[in-house]
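In listed order, ligands and their atoms are each counted from 1. Atoms considered below: every heavy atom in the structure, side chains included; atoms not considered: hydrogens, waters and symmetry mates. Since the model is a prediction, treat every value here as computed from it, not as a measurement.
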Amino acid sequence: MLVVMRHGAPDESVRRVLDVIQEMGYDARPIPGKNRTAVGLIGNDGRVDSGRLEALPDVLQVIHVTQPYKQVSREWRQEQTIIELPNGTRIGGAGVVLMAGPCAVESEAQILAVAHRLRAAGATVLRGGAFKPRTSPYAFQGLGVQGLELLARAREETGMAVVTEVLEPERVDIVAEYADILQIGARNMQNYPLLRRAGRTGKPILVKRGLAATIKELLLSAEYILAEGNDQVILCERGVRGFDDQTRNIFDLTAIPVVQALSHLPIIADPSHGTGVRSKVIPMARAAVAAGADGVLIEVHPEPDRALSDGAQSLWPDQFDELARQVGIIAQAIGRSLVPRLDGAD
Ligand code: PEP
Ligand code: MN
């Protein structure tokens, strides 16, 4: 439930609303906004009797949030959430963000070489798994903490922000020490203890859509993080399991405008996992930006043929240059642009 205050309501009226919500046994969250000040009531599992709140001074309106995901919804917050990373990259604003890197960090030479290439192409966020969720227990599982150290080294050299996956609640603290964004992978989208634990770090969290998750389930997973008091959440469409083996997944581009209508959180798109096929990544990256994605997450490897994971969908660095160029043109066609480059070039 949302208690909307009259424009210019004095602090004491807002405080009174907070006190009454707490007396009623719920949690209260002040939500300052450009156009309205509101107080959110959370912790209820059903409709709350709003009579007592409606009668308080300077209360304009009480809105019952109809969606099961409360703080994630546009009913709760109308203005778009913008997440600013330590390197100045803003996600969710007018700028479209290029996030790219290998599926997994494999060696110092690999991650540094690709990071420099990506930065020169305009990417501002470096991806790379140190802890990898692999279908087979015998496949390469990632370099672990050594991989995190290599990502930090690449950040030092390039200024790129780092996004990397965390697989287990017990590893959240160590991954958060190195990452600028914690990635919750598709397989873990409904790992609720992991979502809560990651949420408590206060760091930006990238939540990837589960292999068979509905949009509502994706938004409810994000709600777990907001319920921990962390609204720095980026959603990611990465395709859902389909019946056709021409592509690895069905890349659900419709999810982008659907999520944007339902939620104030930024949403990016991952056409690498969405298609699983290198030659399909550039066209679908163009399509995702045309559909309104706030950024793209792309797998790029200096030598995709030798990649230890996801080589078939990884672009060559030259292909990423082309992707960045094309996506920049699409962004401009819809009144956006790419986020400012780290090297200051045009
Ligand atoms: C990845 O980003 O490499 C990854 C494992 O992605 P997903 O969780 O979407 O499969
Ligand atoms: Mn991958």
Side-chain angles (χ1 to χ4, degrees), residues 97-106 110-111 114 118 123 125-137 139-144 147-148 150-151 161-168 171 175 179-191 194-195 198 204-213 215 217-218 221-222 233-242 247-253 255-256 259 267-278 280-281 284-285 288 293 295-316 320:
V97 183
L98 300 178
M99 305 186 184
C103 179
V105 182
E106 297 170 3
Q110 174 234 26
I111 195 71
V114 82
L118 296 169
V125 181
L126 177 66
R127 63 148 291 146
F131 296 96
K132 293 303 302 175
R134 302 306 300 280
T135 305
S136 163
F140 176 59
Q141 305 283 310
L143 296 180
L148 297 176
L150 294 177
L151 285 167
V162 163
V163 57
T164 193
E165 180 162 356
V166 57
L167 287 179
E168 305 155 81
R171 302 267 192 187
V175 177
D180 298 299
I181 305 173
L182 298 175
Q183 176 173 324
I184 306 282
R187 290 154 193 81
N188 268 320
M189 188 202 85
Q190 289 180 309
N191 182 338
L194 180 63
L195 292 166
I205 315 282
L206 176 70
V207 183
K208 299 187 89 175
R209 183 175 180 181
L211 273 67
I215 291 171
E217 286 164 341
L218 171 65
S221 289
V233 178
I234 305 149
L235 303 166
C236 180
E237 169 57 43
R238 49 77 74 208
V240 289
R241 231 341 118 72
T247 55
R248 183 174 176 185
N249 289 298
I250 296 182
F251 191 37
D252 181 10
L253 287 179
I256 294 164
V259 163
I267 178 160
I268 65 163
D270 172 352
S272 303
H273 294 86
T275 64
V277 184
R278 186 179 306 139
K280 307 297 173 274
V281 172
M284 297 318 286
V296 286
L297 181 67
I298 309 290
E299 286 188 340
V300 185
H301 193 287
E303 290 177 289
D305 299 344
R306 293 175 182 232
L308 298 181
S309 61
D310 286 349
Q313 68 197 31
S314 298
L315 298 188
W316 292 87
F320 185 76

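For a threshold of 3.5 Å applied to N or O pairs, the pair formed by Arg187 and ligand 1 contains at least one separation below that value. In terms of polar-atom proximity, defined here as any N/O pair under 3.5 Å, Lys208 does make such a contact with ligand 1. For a threshold of 3.5 Å applied to N or O pairs, the pair formed by Gly185 and ligand 1 contains no separation below that value. Polar contact with ligand 1: present for His273 (N/O pair, distance under 3.5 Å).
In this structure, Lys132 and Ser309 approach most closely via the heavy-atom pair CE-OG, 4.4 Å. Between Val259 and Leu235 the shortest heavy-atom distance is CG1-CD1, 3.6 Å. When all heavy atoms of Ser314 and Arg278 are compared, the closest pair comes out as O-NE, 2.6 Å. Considering all non-hydrogen atoms of both residues, Pro133 and Leu167 come closest at CB-CD2, 3.6 Å.
How far CG of Leu297 is from CD1 of Ile234: 10.0 Å, rounded to the nearest 0.5 Å. Taking CD1 of Ile298 as the start and CE of Met284 as the end, the distance is 11.0 Å to the nearest 0.5 Å. Between the CD atom of Glu165 and the CD1 atom of Ile181 there is a distance of 13.5 Å, given to the nearest 0.5 Å. With rounding to the nearest 0.5 angstrom, the CD atom of Glu299 is 4.0 Å from the CZ atom of Arg127. Here the OG-NE2 distance, from Ser272 to His301, works out to 13.0 Å after rounding to the nearest 0.5 Å.
The closest protein non-hydrogen atom to atom 2 (O) of ligand 1 is Arg127 NH1, 2.8 Å. Regarding atom 8 (O) of ligand 1, its nearest protein heavy-atom neighbour is Ala186 N, 2.7 Å. Taking atom 9 (O) of ligand 1 as the reference point, the nearest protein heavy-atom neighbour is Arg238 NE, 2.6 Å.
Gly129 does not count as a contact of ligand 1, since none of its heavy atoms falls under 4.0 Å from the ligand. Taking 4.0 Å as the cut-off, Arg209 does not count as a neighbour of ligand 1 on heavy-atom distance.
Residue contact check: Cys103 has heavy atoms under 4.0 Å from atoms 3 (O) of ligand 1. Those atoms of ligand 1 with a heavy atom of Gln183 less than 4.0 angstrom away are 1 (C), 2 (O).
Protein contacts to the Mn ion (ligand 2) involving N, O or S atoms at a distance below 2.8 Å are Cys103 SG, His273 NE2, Glu299 OE2, Asp310 OD2.
Using a 4.5 Å heavy-atom cutoff, the side chains of Glu237 and Leu253 are not in contact.
Between Arg248 and Asp310, at least one side-chain N (NZ, or NE/NH1/NH2) sits under 4.0 Å from a carboxylate O, which counts as a salt bridge.
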